[in-house]
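These notes concern the structure reproduced below.
Residue numbering restarts at 1 for every chain, and letters A, B, ... go by the order of the sequence lines. Note: hydrogens, waters and symmetry copies are ignored here, and every other heavy atom, side chains too, is used.
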Amino acid sequence: MPEAPTVTILDGGMGRQLSRMGAPFRLPEWSALALIEAPQFVREAHAAFIHAGAQIITTNSYGLAPSRIGEGRFTQDGRRLADLSGRLARAAAASAATRVWVAGSLPPVFESYRPELFDVDRAPAILDVLVAGLAPHVDHWLIETQSSTAEAAVAIAAASRSGLPIWLSYTLRDEAGRLGPPELRSGETVERAVAFAIEHRVQAVLFNCSQPEVMDAAVRAALAVLVAGGSLDLRVGVYANAFVPEPLSDEPYAGISALRDDLTPDAYLEWASLWVRSGATIIGGCCGIGPEHITALRDRFR
Amino acid sequence: MSTQPTTPLRQPLVAVAQLNKWYGTAHVLRNVSLDVAAHERVIVCGPSGSGKSTLLRCLNGLELHDSGRIVIEGTELTRTASALSVVRREVGMVFQSFNLFPHMTVLENCTLAPIRVRKLAQGEAKELAMTYLARVQLSAHAHKYPSELSGGEQQRVAIARALCMTPKVMLFDEPTSALDPEMIKEVLDIIIGLADTGMTMICVTHEMGFARRAADRIVFMDRGEIVEQGTPDQIFDSPSTDRLKVFLSRILHGQ
């Protein structure tokens with residue numbers, strides 16, 4: 001049998017973990033609410049993922065956008081909250097028994113999953129606030145849940161000024177019953193999106209916040225682009241969510257998505273093993289994937 | 001050059017032994033063994049679903065085998081990062097889809113990985129790229145973008161780009177299947193030209209005329225196993241198995 005692969009383990013979904021721990025949690029603030037009202041929960045959630053086996057934890061800065069915490073609060077407090085999310089993650093990492101890295105989350109700064117709502121003119125100022133607040137505390141960036149390369153380009157430009165390594169993660173179309181080639185939510189092909197990542201010199205390209213079912217095809221497509229282009233130093237990763245599949249829709253994101261009950265830690269591990277076999281070397285979880293899933297990943301891959 | 005199909009003259013560059021792979025319960029590679037000598041040109045053919053592309057993808061770790069061994073120039077291919085990077089450096093691959101970087105010129109497409117991965121200086125990488133762009137007869141297009149090129153030209157750029165990593169062996173996975181008919185020949189001619197320079201290559205294709213011209217050896221796969229292999233004359237003129245005879249009659253007579 002071939003030897004075991006080298007896999008780096010990320011953490012799981014922060015928002016649902018905060019909710020499970022009893023932290024204040026509701027729309028529109030989502031995971032930012034705990035940061036604002038009860039930051040000790042954020043620290044504890046990081047600790048839970050580290051205890052579970054995460055080698056990299058991600059700052060709880062996904063909710064830090066004007067659309068989620070309000071224009072006024074973002075203007076007044078955005079940088080302080082970004083700084084706080086970086087400090088909390090760094091403190092949790094520093095008190096771990098093993099080396100834990102901190103990834104600075106740069107979220108979609110308008111709506112998740114809605115590439116058509118991306119505003120190229122307004123995005124840089126929002127991202128600059130997050131980068132300024134987080135940069136002193138993080139080891140690298142994790143530009144997450146990107147629906148289009150246009151959106152990613154602006155985030156990469158903002159993150160580049162820090163000089164820290166950049167990991168870029170795309171979210172994929174995953175409507176119920178989906179067949180066909182892997183695509184970003186913008187409709188761009190994964191091949192195109194990975195070529196973009198190579199061009200922009202990111203260090204890892206990942207796929208997140210989509211159903212596990214669509215991830216393997218994306219990993220395979222990504223590896224093919226990397227191999228064809230000779231860019232063999234770029235890593236590929238996956239952190240899927242546990243949302244119940246929904247029909248494709250142009251409607252805005254209406255509430256808090258239901259979580260499916262079939263993604264047990266063992267079931268998620270089977271998916272993760274598939275991605276690793278296809279060439280992914282960074283594995284974690286997104287919304288609804290908790291510490292127990294991360295432990296299953298650790299036990300298999302480390 | 002030609003080598004006896006089953007007894008390569010020297011240590012094989014690519015050694016595949018007793019390879020097995022399953023997708024769930026489907027046994028997609030069955031005890032596949034294949035040695036390829038340096039400078040040998042091997043063409044793999046067979047019906048769709050025969051495992052030929054899967055075999056090719058196993059050779060540079062794009063697919064992981066379940067049992068058996070793959071050794072490329074003395075390095076066994078395992079899933080460890082170090083083995084993968086060693087093997088992938090030695091193995092160039094060209095796919096059906098060209099996967100060029102759309103916002104980079106042809107020249108930038110060719111120099112990106114040598115600069116980034118092989119750590120060549122800009123000038124050195126550019127010189128290398130121009131050498132290989134000349135070999136695929138696209139020197140004049142070096143400063144164009146992929147969208148300004150035909151499909152055949154884009155595939156030729158993809159070949160030049162792979163060569164810029166100076167691989168020891170080139171894998172071609174149906175390199176002309178995504179092309180319009182009038183562009184197939186220009187790409188096959190480039191591959192034949194490359195073969196004439198002594199490049200070791202393994203090519204999966206349905207282009208039987210090309211196979212006859214270019215191959216030292218043809219490997220016929222069906223249902224996950226190597227059924228028959230031999231020189232083009234042996235394969236085309238005196239196939240010994242019914243499965244190969246059926247395949248040839250279908251593909252040569254378009255049935």
Heaviest contributor of heavy-atom pairs below 4.5 Å to chain A, chosen from B:Asn60, B:Leu171, B:Val117, B:Asp173, is B:Val117
Can you name the nearest heavy-atom pair linking B:Met165 to A:Gly230, along with the distance? CE-O, 3.5 Å
Quick one: what part of B:Leu100 sits under 4.5 Å from any heavy atom of chain A, side chain, backbone, both or neither? backbone
Lys/Arg N to Asp/Glu carboxylate O, A:Arg220 vs B:Glu63, below 4.0 Å: yes
Quick one: are A:Val225 and B:Phe95 in side-chain contact, heavy atoms under 4.5 Å? no
Greatest number of non-hydrogen atom pairs under 4.5 angstrom with chain A, of B:Gly61, B:Pro102, B:Ser85, falls to B:Pro102
What are the two closest heavy atoms between B:Arg116 and A:Val202, and how far apart are they? NH2-O, 3.1 Å
Contact part of B:Arg57 toward chain A, heavy-atom cut-off under 4.5 Å: side chain, backbone, both or neither? side chain
A:Thr281 portion near chain B, given a 4.5 angstrom heavy-atom threshold: neither
Just how far is it from atom CE of B:Met104 to atom CD of A:Glu199, taken to the nearest 0.5 Å? 5.0 Å
Which value, rounded to the nearest 0.5 Å, describes the distance between B:Leu62 atom CG and A:Arg277 atom CZ? 13.5 Å
Shortest non-hydrogen separation from A:Glu191 to B:Asn99 and the atoms involved: CG-OD1, 3.4 Å
A:Arg192 portion near chain B, given a 4.5 angstrom heavy-atom threshold: side chain
Measure distances from A:Leu234 to the heavy atoms of chain B and classify the residue's part below 4.5 Å as side chain, backbone, both or neither. both
Is there a side-chain contact between A:Leu223 and B:Arg88, using heavy atoms and a 4.5 Å cut-off? yes
Within a radius of less than 6.0 Å around CD of B:Glu148, do more than 12 heavy atoms belonging to other residues, nucleotides or ligands occur? yes
